[in-house]
Amino acid sequence: MRCPHVLSSAALISRLTAAGSSIEVVDDTSFWASIEQFDSGPVLHVSTGVEATINRLWQEVTKNMLVRRKFTHTAVFDLNTFIHLSLEFLVCHELSHFDLGHFELADKFGVAQRSRQVVHTIDVVRYDLRHLAALCLEMQADHEATDTLLGAYSAEGWREVREKVLAISGMMMLIEREEAKLDFDEKTHPKAATRIFQLLCHVAEMPLIDAHLQLDASLLPQADEIERFGKEVTLPCYFDAVYLAEVAGAKSIEADLGSPVDFFADMAIVKLGDPSRYSDLKTNGAKEWAQLWECNEKLKPTMQAFA
């Protein structure tokens, strides 16, 4: 069948082709997507309901004038841009399962699978980790997709970062909302607030990443630029997510994000890199992040075997 215009866009097709992957769009009004590994490479299946659901979310944002005024980073709210960015994150996330070697641990990954197709970890994963292992793999895929979509830090790219983070946050919220309708016995993805917490931790570190990776302090921006980035990008990204949760009617996500004071206090604790402090975390998103961080550390020997 013919792909919807965004799913068939040159940018998304190019990203899939570069990864040796293909996309099959299924005519189904429900919201779901999955990726499987075949001899010919990964195949991403996406229902037409995914784009339709994303479209409805951003249509609602454009109609909500209060929220529209809150998103001050863009004078004109371009509907197609946000639909495309949300879908691009979904594609990047699913492809990341392949890039990170996750198919050594499962034969399929996806969101909102009505047939209850979930990750089944193989015997190499310790029994005591299997409950959380699937959630850890989703967080790993989030991190990889975020890094890909946001790209390297640029002093000229702050507005673009906020737009992309808003679109990613919207995708995360839709996945939680749609999967909640299926009433699964076990979670297949972390809380949207947990995923957004990790996302904003990455955003906060963006000005520092190149210097850290290359061990070259000369690559650090000036201190006042780093401070302004926090005030003009990281902080507003949190409020963008809160306002988006209001529009989406996602009261539980809004509650899980917590107050700005608690959210950024939790980010400061995590930045210290001291697990003994994680018991001080206040927000539900940060608490689940800490639980999954511990699981992820235990999974590292298994994942390194597939590297």
Side-chain angles (χ1 to χ4, degrees), residues 89-90 93 96-97 100 102 105-106 109-112 118-119 121 125-147 165 168-205 234 237-238 240-242 244-245 248 250-300 302-303:
F89 174 75
L90 177 64
H93 173 97
S96 292
H97 285 303
L100 294 170
H102 292 171
L105 300 176
F109 294 86
V111 298
V118 297
V119 175
T121 50
V125 177
R126 285 170 34 183
Y127 180 79
D128 61 316
L129 298 182
R130 292 183 188 179
H131 173 64
L132 295 176
L135 305 186
C136 288
L137 299 186
E138 296 300 336
M139 292 291 279
Q140 289 176 14
D142 271 358
H143 185 273
E144 187 81 357
T146 295
D147 191 48
V165 170
I168 292 170
S169 299
M171 190 74 246
M172 292 172 171
M173 291 182 191
L174 285 180
I175 289 172
E176 176 166 318
R177 191 182 73 181
E178 295 302 314
E179 290 199 336
K181 297 176 182 178
L182 303 181
D183 194 27
F184 288 160
D185 294 332
E186 294 181 0
K187 292 171 56 177
T188 60
H189 288 75
K191 291 175 178 289
T194 303
R195 303 171 74 179
I196 292 169
F197 180 78
Q198 176 178 260
L199 171 63
L200 293 196
C201 284
H202 177 89
V203 170
E205 293 294 306
T234 310
C237 280
Y238 162 82
D240 287 348
V242 171
L244 187 58
K251 295 295 184 183
S252 61
I253 296 175
E254 189 177 348
D256 287 339
L257 286 169
S259 72
V261 172
D262 288 343
F263 186 92
F264 286 99
D266 285 351
M267 280 183 58
I269 290 173
V270 166
K271 187 175 181 179
L272 293 173
D274 180 2
S276 69
R277 294 286 311 279
Y278 291 170
S279 59
D280 296 331
L281 296 172
K282 296 266 195 303
T283 65
N284 291 334
K287 288 177 181 177
E288 185 178 53
W289 177 91
Q291 185 183 30
L292 295 177
W293 174 88
E294 182 179 6
C295 174
N296 199 59
E297 290 298 298
K298 294 175 181 178
L299 275 178
K300 280 184 178 180
T302 298
M303 298 308 301

Test item: F89 and M172 side chains (from C-beta on) under 4.5 Å apart, heavy atoms: yes
Which distance, rounded to the nearest 0.5 Å, do you find between the CG of L272 and the CZ of R277? 6.0 Å
In short, C295 meets A133 closest at the heavy-atom pair SG-N, 4.1 Å
Is any side-chain heavy atom of L292 less than 4.5 Å from a side-chain heavy atom of P190? yes
Tightest non-hydrogen contact, residues H102 and A141, listed as CE1-N, 4.3 Å
Using 4.0 Å as the upper bound for N to carboxylate O, is an ion pair formed by E138 and R195? no
So, do F264 and T234 sit near enough that their side-chain heavy atoms are less than 4.5 Å apart? yes
Got N296 and Q140 here, is their nearest side-chain heavy-atom distance under 4.5 Å? yes
Measure up the H93 and H189 rings against each other and bin them: parallel (under 30°), tilted (30 to 60°), perpendicular (over 60°). tilted
Interatomic distance, I175 atom CD1 to L90 atom CG [nearest 0.5 angstrom]: 6.0 Å
Could you label the plane-to-plane angle of the H202 and H143 rings as parallel, tilted or perpendicular, counting under 30° as parallel and over 60° as perpendicular? perpendicular
Derivation and outcome, side-chain contact (heavy atoms from CB on, under 4.5 Å), residues F197 and V270: CA-CA 10 Å; F197 180 78; V270 166; 3.8 Å; yes
For the student: nearest non-hydrogen atoms of W293 and P275, plus distance: CH2-CG, 3.3 Å
To the nearest 0.5 angstrom, please state how far the CG atom of L135 sits from the CG atom of D142. 11.0 Å
Would a distance-only check, ignoring hydrogens and angles, find a side-chain to backbone donor-acceptor pair under 3.5 Å from D266 to K282? yes
What's the spacing between C136 SG and K300 NZ if we round to 0.5 Å? 11.0 Å
Option among L199, D240, L200 that satisfies the side chain to side chain contact (heavy atoms under 4.5 Å, CB included) test with S169: L199
For the residue pair E288 / T194, report whether a side-chain donor-acceptor contact shorter than 3.5 Å exists. yes
Measure from the side-chain N and O atoms of E176 to the backbone N and O of I253, and report whether any donor-acceptor pair falls under 3.5 Å. no
Taking the side chain as every heavy atom from C-beta outward, state whether E294 and L132 have any pair of such atoms under 4.5 Å apart. no
May I ask you to decide if the ring planes of Y238 and F263 are parallel, tilted or perpendicular, using 30° and 60° as cut-offs? tilted
Could you measure the distance from the OG1 atom of T283 to the CE atom of M267? Nearest 0.5 Å is fine. 10.5 Å
A193 and L257 have their tightest heavy-atom pair at CB-N, 3.8 Å
